Protein chains: 2
Amino acid sequence: MTPATPADQRRPMRADARRNYDLLVAVATELFREQGADAPMDDIAKRAGVGPGTLYRHFPHRDALLAAVVADSIDALYARAEELLTEEDADEALRLWLVAATRHAGICRGLAASLVSSMYDEGSPLRASCDRMHEAGARLLRRAQQEGSAREEFDAAVLFELVAAVAWVAERSTDGLASAERLLPALSKGLIAGR
Amino acid sequence: MTPATPADQRRPMRADARRNYDLLVAVATELFREQGADAPMDDIAKRAGVGPGTLYRHFPHRDALLAAVVADSIDALYARAEELLTEEDADEALRLWLVAATRHAGICRGLAASLVSSMYDEGSPLRASCDRMHEAGARLLRRAQQEGSAREEFDAAVLFELVAAVAWVAERSTDGLASAERLLPALSKGLIAGR
DNA sequence: ATTGAAAACGGACAGTGTCTCCGGTACGGT
DNA sequence: ACCGTACCGGAGACACTGTCCGTTTTCAAT
């Protein structure tokens with residue numbers, strides 16, 4: 001699969017457009033990681049050496065750009081879920097995926113917030129990513145409820161929200177990921193009844 | 001105790017200053033509740049009928065204003081904790097306080113974020129409120145660990161972060177508090193081992 | 001190779017919000 | 001009533017977002 005592509009078009013993109021598109025995604029990835037998902041759009045355009053007009057034509061909103069930036073790693077997370085579905089211990093598989101998902105949402109400061117927002121926004125460009133995470137979590141949770149000892153009363157939406165919440169806390173604590181790793185056990189123990 | 005007061009000064013505030021101070025807190029309370037904790041500062045000044053200069057002299061940062069606004073309800077939350085310390089069932093007391101704390105953090109959109117930030121920021125004006133909540137939670141948690149069946153491995157910091165996280169999710173879900181009430185059980189079950 | 005229409009470029013700009021500076025005002029002690 | 005001082009509040013510098021539109025580039029047809 002070619003890397004992130006704008007909505008399919010019968011006519012291929014013009015060469016200069018394609019070049020700028022790819023360049024912008026690369027620069028945004030860099031800047032989001034450095035400064036968080038609220039890095040100034042103008043700075044992204046500037047660093048890519050294009051005008052703001054060009055940036056906004058390719059990505060009308062910040063979320064459109066963010067979606068292009070995280071698409072790859074969402075794919076990886078989805079693949080990880082499929083891999084974990086073959087793990088014998090269903091509870092452990094769920095636990096491991098929660099860790100992976102939290103780590104993913106920590107790619108850049110502000111991502112968790114955008115993902116949660118997109119969950120309630122039908123038209124968000126991040127919606128596709130959100131749905132993929134949602135589905136990946138749902139499959140692991142369902143199996144853990146049937147084969148393992150995950151409590152019946154929770155669903156994938158709760159799972160998603162809790163992961164986002166933990167990632168969000170981790171974003172703003174000084175000790176970063178360490179904080180997430182203290183919180184996740186509390187969460188896992190709530191979801192999964194002791195054996 | 002007189003309501004929220006600026007840092008004690010030997011000289012009492014001048015009458016006009018005092019009037020503006022109180023007015024600003026009242027207006028901010030109103031606007032934060034309506035529009036969230038990121039309501040434009042200029043709007044607050046405008047609605048209070050003062051210039052932005054006046055607002056910023058009394059409250060140099062948004063957090064200083066926010067701190068004055070939430071001080072009272074933090075006191076109430078602290079009092080609630082003391083009350084719950086007399087409840088027979090230590091686990092149930094903790095659970096009830098978590099609900100109260102989550103509800104408190106939901107006073108206005110954006111408050112949870114500011115509270116968590118202040119937890120890692122020595123100089124934040126919200127720090128005092130943060131510490132009070134922290135301490136209230138710590139006492140209830142300690143008792144639930146000794147007399148009830150709260151797990152030993154968690155501490156008040158985790159408690160605080162989890163409450164903030166749940167409140168944060170609730171802020172941005174369309175179904176608001178209902179969402180928090182779906183999430184809290186997962187959290188409680190993680191903190192408190194089944195009997 | 002030339003050409004011309006469509007597509008893309010990118011700078012200027014309007015709108016919004018934050019925060020500061022400073023000339024003028026009004027308070028309150030004497 | 002006076003005067004020094006603390007306070008007031010508007011003007012404006014600065015930052016970011018997103019749009020508009022005249023200019024430039026590309027590429028396919030000739």
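Each chain gets a letter, A, B and so on, in the order the sequences are listed, and its residues count up from 1. Since the model is a prediction, treat every value here as computed from it, not as a measurement.
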Starting at the 5' end of nucleotides 12-17 of chain D, put B wherever the base has a protein heavy atom under 4.0 Å, S where only the sugar-phosphate does, and a dash everywhere else.
----SB

Counting the atoms with a prime plus P, OP1 and OP2 as sugar-phosphate, which does A/H58 contact under 4.0 Å by heavy atoms, base, sugar-phosphate, or nothing?
sugar-phosphate

Nearest-Å distance for atom pair [atom1]/[atom2], residues [X] and [N]:
X	N	atom1	atom2	answer
B/Y21	D/dA6	OH	C1'	17 Å
B/F59	D/dC7	CZ	C1'	15 Å
B/L55	D/dG10	CG	C1'	14 Å
A/L24	C/dA8	CG	P	13 Å
A/K46	C/dA12	NZ	P	12 Å
A/H61	D/dG18	NE2	P	8 Å
B/Q35	C/dT16	CD	C1'	13 Å

If we count only N and O atoms by modelled type, under 3.5 Å, do the side chains of A/D63 and A/S118 hold a donor and an acceptor together?
no

Return the minimal non-hydrogen interatomic distance between A/D38 and A/R109, and the atom names on each side.
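Where A/D38 meets A/R109 most closely, the heavy atoms are OD1-NH1, 4.1 Å.
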
Nearest heavy-atom neighbours spanning B/R143 and B/A90
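Closest pair (atom of B/R143, atom of B/A90, distance): NH2-CA, 3.7 Å.
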
What is the distance from atom CD of A/E147 to atom CG of A/D91, rounded to the nearest 0.5 Å?
9.5 Å

Spacing of OG1 belonging to B/T54 relative to CZ belonging to B/R57, to within rounding of 0.5 Å:
5.0 Å

At under 4.0 Å, does any side-chain N or O of B/N20 touch on OP1 or OP2 of D/dC7?
no

Does C/dA8 have OP1 or OP2 sitting under 4.0 Å from an N or O in the side chain of A/T54?
no

Kindly say whether [Y] contributes a backbone atom to a donor-acceptor pair with the side chain of [X] at under 3.5 angstrom?
X	Y	value
B/E161	B/V116	no
B/E171	B/G110	yes
B/S117	B/A113	yes

Salt bridge or not between A/E34 and A/R47? Use side-chain N to carboxylate O under 4.0 Å.
yes

Check nucleotides 23-28 of chain C against the protein and report each pair of N or O atoms closer than 3.5 Å, with its distance, or say if there are none.
from   : atom 1 : to    : atom 2 : distance (Å)
C/dG28 : OP1    : B/A15 : N      : 2.6

